[in-house]
Structure formats: structure tokens, C-alpha cells
Amino acid sequence: MRVVIADDAVLLREGLIRLLTESGHEVVAAVGDGNALVEAVVTHRPDVSVVDVRMPPSHTDEGLRAAVEARRRVPRTPVLMLSQYVEVSYADDLLATAGEAGGGGIGYLLKDRVAAIDEFLDALRRVAAGGTVLDPEVISQLLVRRRRDDPLAALTPREREVLALMAEGRSNTAIARTLVVSDGAVEKHVRNIFTKLDLPPDATTHHRRVLAVLTHLRAPFSAG
């Protein structure tokens, strides 16, 4: 593979060059800042780029922003991001480029994974082939945040079923018939849904029903 490396830490950059070269790959450019990364990708059109999230001048998200720009300039260019820590918002931003840039391989690994050479090289190959690779720690944090941000997280499985049927426009009686429960049981579930979603008690029942359905439609894991 033809690889571009972008990392301002000289020791890590040189280590990656040696590792990739000894593994039979060609490092076509090794740079230390975001602007140079974009230029290198546009110039060399590599099979994959390995990019540090944090680079000069502020050492926050310059590497990520440069990778996004590189994918904008060269659609579908594969990028494997490296980070010292789990930074979920950065992983989210990177994943968002998969659609915006028309697909292409993307990956996000903690730098510690580089020490597991076979795993790192396998991840690099998968990204270059158009796959998506996320560090297990990143996946864990993403799932935690999704659950925390999910407004339906407090609902029981049965309450979610009731809400899903409400979203289909069914009345309480129709919901009861579908779930083979009493009308009273459905009414209790509906009241619980209103309470758990913190819907305004001064609103009409119909209005709260609409608000509940809108919450269901906007939820990240509404089908769960």
C-alpha cells in the first residue's frame, strides 16, 4: 500500500515509517501538520493515510479537521485516525464523513494499538479496502453516550412497544388488541410514557401523545 503519515511526534512518525516500510508498504509522505496532510493526500492520492487527531498549532482537533478536508478534496480517500485518548466527539465527526464524502475507509484507533503490530496492520488494510475500524474502547464509549442521550432509555420494552404503536397512529383500544392486553393496561403504559419522557402535564392528552411520538421518531435507537 501507498501510505501518508501525519503526526507531529517525530519518534512515532519515524516508528510508523519503519514499521510500514519493513512490512512491505511505501510511505509516500510523512508530515507534521494538517495543511501538509491535505497537500500530501491531494498530491499522492495514497491508498490510506495514518493521521494523529491532535496536531499543531493548538493540538486539539487539527488532524481530524485536516482529514475531513482531505476527504472532501479527494472523495473516498481512506483515513485511519490515531488518538492518545478516547475522544468520542471526534469519532462521531469522523464517522459522519463516511456519508458526506461518499464512503471510503475510515478508522479510529488509540495509539496504544500500534504496539500490537499485527492488529494495527490488519486495521490499516481493512481501512484501505474501504472498511470501518473502530477501537473497542471507542465503541464502548459511543454506546454509553448513545444510551445516555437516548430519551427512550427509561422506558421498559413494553412501553417502547406501546409508543411504537402510538407512532403508527393506533388508538389505545387498537394497541390493547394488538398486544393482547386490557385497555386499562395500555392507559397505564401511556401515562408512564408521558411521565418518563417528562412531557408537560398541563398539555392535553392528545398533545402529549404527539410529543411522545415525535420523541420516538427522533430517538437514536427508537426501534430498540
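- Contact check for V74 versus V38: no side-chain heavy atoms found under the 4.5 Å cut-off.
- Residue V181 is grouped with residue L155 when hydrophobic side chains (ILVMFWY) are merged at heavy-atom distances under 4.5 angstrom, including chains of intermediate members.
- Taking a 6.0 Å sphere around CG of D183, one finds it holds more than 12 heavy atoms contributed by other residues, nucleotides or ligands.
- Side chains of V51 and L82 form no contact here, defined as non-hydrogen atoms less than 4.5 Å apart.
- Here the closest non-hydrogen pair linking V4 and A40 is CG1-CB, 4.0 Å.
- Of all heavy-atom pairs between P46 and S49, the closest is CG-OG, 3.6 Å.
- Hydrophobic clustering of Ile, Leu, Val, Met, Phe, Trp and Tyr side chains at less than 4.5 Å, counting indirect connections, keeps V114 apart from L110.
- Counting all heavy atoms, side chain and backbone alike, S171 lies closest to R209 at C-NH2, 3.8 Å.
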Checklist entry - After noting the C-alpha distance and the side-chain angles of N172 and V162, does the key distance pass the side-chain contact (heavy atoms from CB on, under 4.5 Å) rule? => result CA-CA 9 Å; N172 285 1; V162 170; over 6 Å; no
Practice item. Show the numbers, then the answer: is there a side-chain contact (heavy atoms from CB on, under 4.5 Å) between M1 and E26? Key: CA-CA 6 Å; M1 294 183 292; E26 179 187 1; over 6 Å; no
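- Here the straight-line distance linking atom CD1 of I17 with atom NE2 of H25 works out to 14.0 Å at 0.5 Å rounding.
- To the nearest 0.5 Å, the span separating CD on E161 from CG on L165 amounts to 7.5 Å.
- Between E159 and the options K196, K188, H189, a side chain to side chain donor-acceptor pair (under 3.5 Å) holds for only K196.
- Residue M55 comes nearest to E62 through the heavy atom pair O-OE1, 2.8 Å, listed as atom of the first residue, atom of the second, then distance.
- When each of L80, L16, L109 is tested with L124 by the rule side chain to side chain contact (heavy atoms under 4.5 Å, CB included), just one qualifies, namely L80.
- One finds the CG atom of L121 at 11.5 Å from the CZ atom of R126 (value rounded to the nearest 0.5 Å).
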Evaluate the criterion side-chain contact (heavy atoms from CB on, under 4.5 Å) for residue pair L37 and V41; output intermediate values, then yes/no.
CA-CA 6 Å; L37 165 65; V41 169; 3.8 Å; yes
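- Looking only at distances, no side-chain donor or acceptor of R73 sits under 3.5 Å from a matching main-chain atom of V42.
- Residues V127 and I106 are not in side-chain contact: their nearest non-hydrogen atoms beyond the backbone lie 4.5 Å or more apart.
- In this structure, R2 and H44 have side chains that are in contact, with non-hydrogen atoms separated by less than 4.5 Å.
- Across every non-hydrogen atom of V53 and S83, the tightest pair is CG2-CB, 3.9 Å.
- Contact annotation: the side chain of H59 approaches that of D8 to within less than 4.5 Å [non-hydrogen atoms, C-beta and beyond].
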Open item on the list: Would R160 and L152 count as a side-chain contact (heavy atoms from CB on, under 4.5 Å) here? Give the steps.
Closed with: CA-CA 8 Å; R160 285 178 178 245; L152 306 185; 3.7 Å; yes
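- Linking ILVMFWY residues whenever their side-chain heavy atoms come closer than 4.5 Å, directly or via other members, leaves V79 and L19 in distinct clusters.
- For the pair R113 and E119, the salt-bridge criterion is not met [side-chain N within less than 4.0 Å of a carboxylate O].
- The two residues V31 and R13 make their nearest non-hydrogen contact at O-CD, 3.5 Å.
- Looking at heavy atoms from C-beta onward, T77 lies out of side-chain contact with R45 at the 4.5 angstrom threshold.
- Around atom CG of D198, no more than 12 heavy atoms belonging to other residues, nucleotides or ligands sit under 6.0 Å away.
- Using a 4.5 Å heavy-atom cutoff, the side chains of D47 and V3 are not in contact.
- Here D122 contributes atom CG and D118 contributes atom CG; the two are 8.5 Å apart, rounded to the nearest 0.5 Å.
- A salt bridge between D7 and R54 is absent, with no side-chain N of the basic residue lying under 4.0 Å from a carboxylate O of the acidic one.
- With respect to R18 and E22, a salt bridge is recorded, a charged nitrogen being found less than 4.0 Å from a carboxylate O.
- The structure places OH of Y108 at 8.0 Å from CG of L64, a figure rounded to the nearest 0.5 Å.
- A donor-acceptor contact closer than 3.5 angstrom is absent between the side chains of T43 and E39.
- For the pair L163/M166, a side-chain contact is recorded, criterion being any heavy-atom separation below 4.5 Å from C-beta on.
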